[in-house]
Peer 1: 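Pasting in a structure now, in structure tokens, and then I'll have a few things to ask.
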Amino acid sequence: MNHQIIDDRDTALSPEDFAVLRENLREQLLFRREQLQQLSDAATRADTFLDRRTAAQMEVRVKLAASAGMVLTDVEAALARMDQGHYGVCHLCRRPMARERLMIVPQARYCGRCQHVREARR
């Protein structure tokens with residue numbers, strides 16, 4: 001088994017990193033809220049007559065809204081962790097997450113190793 005050793009340089013977030021990540025999360029928050037509003041508006045504009053194409057479009061909108069809602073929840077939780085001083089700590093193993101992972105997925109709740117374990121269990 002390949003165990004990757006992460007040292008403090010890989011996990012330490014500079015104040016600049018933290019500011020960039022916070023801004024990224026705020027942008028995602030606004031985008032997801034707008035996306036959910038647009039999906040909601042589209043659903044209310046749908047005709048009462050549902051043909052197959054309209055039903056398929058509605059199904060896609062419902063799935064997009066569910067996905068956007070989950071991401072919005074993750075983004076809000078990440079911003080809350082920042083405000084509480086718990087940002088960047090894995091929810092499972094309680095170790096600091098790799099800086100690189102946070103820069104790619106700023107709303108991550110789990111380190112790469114724990115995320116992999118969670119996905120393998122599905």
Side-chain angles (χ1 to χ4, degrees):
M1 181 178 250
N2 183 8
H3 292 284
Q4 183 179 10
I5 297 174
I6 299 175
D7 66 25
D8 288 340
R9 291 171 300 194
D10 295 331
T11 60
L13 292 174
S14 70
E16 294 80 14
D17 291 339
F18 198 78
V20 166
L21 288 164
R22 182 181 290 277
E23 183 59 28
N24 181 305
L25 287 165
R26 285 185 179 149
E27 287 174 10
Q28 284 191 56
L29 182 78
L30 295 174
F31 171 78
R32 294 303 175 177
R33 285 180 176 165
E34 182 179 319
Q35 182 183 31
L36 285 168
Q37 184 61 51
Q38 289 174 355
L39 289 166
S40 175
D41 292 347
T44 58
R45 287 192 309 265
D47 295 333
T48 54
F49 175 74
L50 291 177
D51 60 17
R52 285 185 185 152
R53 192 181 83 205
T54 305
Q57 290 171 343
M58 291 279 285
E59 184 178 344
V60 168
R61 279 196 290 270
V62 167
K63 289 180 179 182
L64 282 172
S67 177
M70 288 181 355
V71 173
L72 178 61
T73 298
D74 287 345
V75 168
E76 290 170 338
L79 286 166
R81 289 191 303 275
M82 282 183 163
D83 293 342
Q84 298 163 357
H86 302 290
Y87 182 76
V89 176
C90 178
H91 281 208
L92 288 178
C93 69
R94 302 293 183 208
R95 290 185 171 154
M97 285 189 249
R99 176 188 177 276
E100 181 178 332
R101 175 162 174 74
L102 291 171
M103 294 307 250
I104 295 169
V105 186
Q107 70 272 19
R109 293 175 186 262
Y110 308 103
C111 67
R113 181 180 165 278
C114 288
Q115 182 68 41
H116 180 72
V117 168
R118 286 179 49 85
E119 290 173 2
R121 290 182 184 163
R122 288 186 192 166

Peer 1: In the hydrophobic cluster built from side-chain contacts under 4.5 Å, what are the other members alongside Leu30?
Peer 2: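 Direct or chained contacts put Leu30 with none.
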Peer 1: Taking only residues two or more places apart in sequence, or in another chain, which ones meet Gln37 in a side-chain contact (heavy atoms from CB on, under 4.5 Å)?
Peer 2: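 Here the qualifying residues are Asp41.
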Peer 1: Output the rest of the hydrophobic cluster of Ile104: all Ile, Leu, Val, Met, Phe, Trp and Tyr residues reachable through side-chain heavy-atom contacts under 4.5 Å, sorted by chain and number.
Peer 2: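 Members other than Ile104 - counting any ILVMFWY side chain reachable under 4.5 Å - are Val105.
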Peer 1: Taking the side chain as every heavy atom from C-beta outward, state whether Tyr87 and Leu79 have any atom pair closer than 4.5 Å.
Peer 2: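 No, their side chains stay 4.5 Å or more apart.
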Peer 1: Once side chain to side chain donor-acceptor pair (under 3.5 Å) is applied, what residue pairs with a partner in residues 89-98 remain, sequence neighbours excluded?
Peer 2: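 Sorted result for residues 89-98: empty, none.
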Peer 1: Check for me, please, whether Met103 and Tyr110 land in the same ILVMFWY cluster - side-chain distances under 4.5 Å, paths through other members count.
Peer 2: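 In one cluster: no.
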Peer 1: Can you name the side-chain contact (heavy atoms from CB on, under 4.5 Å) partners of Ala77, sequence neighbours left out?
Peer 2: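 So Ala77 forms a side-chain contact (heavy atoms from CB on, under 4.5 Å) with Arg81, Arg109.
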Peer 1: What distance separates Ser67 OG from Leu72 CG, expressed to the nearest 0.5 Å?
Peer 2: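 If we round to the nearest 0.5 Å, Ser67:OG and Leu72:CG are 11.0 Å apart.
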Peer 1: Run the salt bridge (Lys or Arg N to Asp or Glu O under 4.0 Å) test against Glu76 and tell me which residues pass, sequence neighbours left out.
Peer 2: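 For Glu76 the salt bridge (Lys or Arg N to Asp or Glu O under 4.0 Å) partners, ignoring immediate neighbours, are Arg33.
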Peer 1: Could you pull out all residues at least two apart from Asn24 that satisfy side-chain contact (heavy atoms from CB on, under 4.5 Å)?
Peer 2: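 Partners of Asn24 by the side-chain contact (heavy atoms from CB on, under 4.5 Å) criterion, ordered by chain and then number, come out as Gln28, Pro106.
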Peer 1: Closer than 3.5 angstrom, by distance alone: can the side chain of Ser40 be matched with the main-chain N or O of Leu36 as a donor-acceptor pair?
Peer 2: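 Not confirmed, Ser40 side chain does not pair with Leu36 backbone.
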Peer 1: State which residues pass salt bridge (Lys or Arg N to Asp or Glu O under 4.0 Å) with Arg26; sequence neighbours excluded, sorted by chain then number.
Peer 2: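 If we apply the salt bridge (Lys or Arg N to Asp or Glu O under 4.0 Å) test to Arg26, skipping adjacent residues, there are no hits.
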Peer 1: The criterion is salt bridge (Lys or Arg N to Asp or Glu O under 4.0 Å); which residues satisfy it with Arg22, sequence neighbours excluded?
Peer 2: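 Checked Arg22 against salt bridge (Lys or Arg N to Asp or Glu O under 4.0 Å); matches are Asp83.
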Peer 1: Using the rule given for side-chain contact (heavy atoms from CB on, under 4.5 Å), can you reason through Asp17 versus Arg99, listing the C-alpha separation, both sets of side-chain angles and the distance that settles it, and then say yes or no?
Peer 2: CA-CA 9 Å; Asp17 291 339; Arg99 176 188 177 276; 2.7 Å; yes
Peer 1: Does the side chain of Leu25 come within less than 4.5 Å of Met82's, by heavy atoms?
Peer 2: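 Met82 vs Leu25: side chains touch.
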Peer 1: Would you indicate whether Glu100, at its atom CD, is surrounded by more than 12 heavy atoms from other residues, nucleotides or ligands within a distance under 6.0 Å?
Peer 2: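 Not buried by this count: 12 neighbours or fewer within 6.0 Å.
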Peer 1: Report the residues that fulfil salt bridge (Lys or Arg N to Asp or Glu O under 4.0 Å) with Glu59, sequence neighbours left out, ordered by chain and then residue number.
Peer 2: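 By the salt bridge (Lys or Arg N to Asp or Glu O under 4.0 Å) rule, Glu59 matches Lys63.
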Peer 1: Can you tell me how far the NE2 atom of His116 sits from the SG atom of Cys111, to the nearest 0.5 Å?
Peer 2: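 Output value for this atom pair is 11.5 Å.
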Peer 1: Can you name the residues that form a side-chain hydrogen bond (donor to acceptor under 3.5 Å, both in side chains) with Glu34, not counting sequence neighbours?
Peer 2: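 With neighbours one apart ignored, the set is Gln38.
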Peer 1: For Gln35, check side-chain contact (heavy atoms from CB on, under 4.5 Å) against everything at least two apart and list the hits.
Peer 2: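 Result, side-chain contact (heavy atoms from CB on, under 4.5 Å) vs Gln35: Phe31, Arg32, Leu39, Ala68.
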Peer 1: Give a yes or no on whether Phe18 and Leu102 share a hydrophobic cluster (residues Ile, Leu, Val, Met, Phe, Trp, Tyr; joining criterion: side-chain heavy atoms under 4.5 Å apart).
Peer 2: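 Cluster IDs for Phe18 and Leu102 match.
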